[in-house]
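Everything below concerns the one structure shown next.
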Amino acid sequence: MLCYNVDVSKGLVNGAIGHITEIIWPCFRRAQMYDTDIPSVRIDFGKDCAHLIQPKTVQFPAKYSHVTAERRMLPIILCWACAQYTKCRVVLSTMPLYT
């Protein structure tokens with residue numbers, strides 16, 4: 001799920017849910033990785049083709065000082081859905097339907 005508006009015209013907005021199809025690393029496997037090397041991901045949102053999501057850099061004022069802090073991250077978070085039916089405060093794995 002996206003946690004940042006990437007491209008509003010394409011529907012890549014905060015809360016859009018998709019499936020990661022590919023992780024693209026910035027260098028070869030045998031090369032040295034640094035803390036700033038964050039991979040890009042290709043996510044399929046189901047509408048069009050898969051979209052490439054790249055790391056974002058966000059700056060914000062630091063607390064109790066006159067400097068700004070910077071954070072580099074992928075604008076995605078892990079999410080999943082779980083549906084449960086409750087009846088009289090008892091969780092049921094299935095809900096009986098009578099016709």
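Along the sequence shown, residues are numbered consecutively beginning with 1.
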Going through the checks in order, is the side-chain contact (heavy atoms from CB on, under 4.5 Å) test met by Val13 and Leu2? CA-CA 7 Å; Val13 294; Leu2 287 177; over 6 Å; no

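- Grouping the Ile, Leu, Val, Met, Phe, Trp and Tyr side chains by contacts below 4.5 angstrom, directly or via other members, places Leu12 with Ile20.
- The heavy-atom pair separating Ile77 from Cys3 by the smallest distance is CG2-SG, 4.2 Å.
- Summarising the geometry of Phe45 relative to Ala16, their closest heavy-atom pair is CE2-O, 3.8 Å, with the distance given to 0.1 Å.
- Contact annotation: the side chain of Ile24 approaches that of Leu52 to within less than 4.5 Å [non-hydrogen atoms, C-beta and beyond].
- By the rule that hydrophobic residues join a cluster once side-chain heavy atoms approach within less than 4.5 Å of another member, Ile53 and Trp25 end up as members of one cluster.
- Between Leu74 and Pro55, the shortest heavy-atom contact is CD2-N, 3.9 Å.
- Note on Ile43: it does not cluster hydrophobically with Tyr4, by side-chain heavy-atom contacts below 4.5 Å among ILVMFWY residues.
- Lys56 has its side chain out of reach of Arg72: every pair of non-hydrogen atoms, C-beta onward, lies at least 4.5 Å apart.
- How far CG of Asp44 is from NE2 of His51: 8.0 Å, rounded to the nearest 0.5 Å.
- In plain terms, the two heavy atoms of Pro75 and Val6 that are nearest each other are CG-CG2, 4.2 Å.
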With side-chain contact (heavy atoms from CB on, under 4.5 Å) as the criterion, how do Phe60 and Arg71 come out once you've worked through the C-alpha distance, each side chain's angles and the decisive distance to 0.1 Å? CA-CA 8 Å; Phe60 52 92; Arg71 181 178 181 189; 4.2 Å; yes

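- From Ile17, atom CD1 reaches atom CE of Met1 across 6.0 Å, with rounding to the nearest 0.5 Å.
- Looking only at distances, a side-chain donor or acceptor of Thr21 sits under 3.5 Å from a matching main-chain atom of Arg42.
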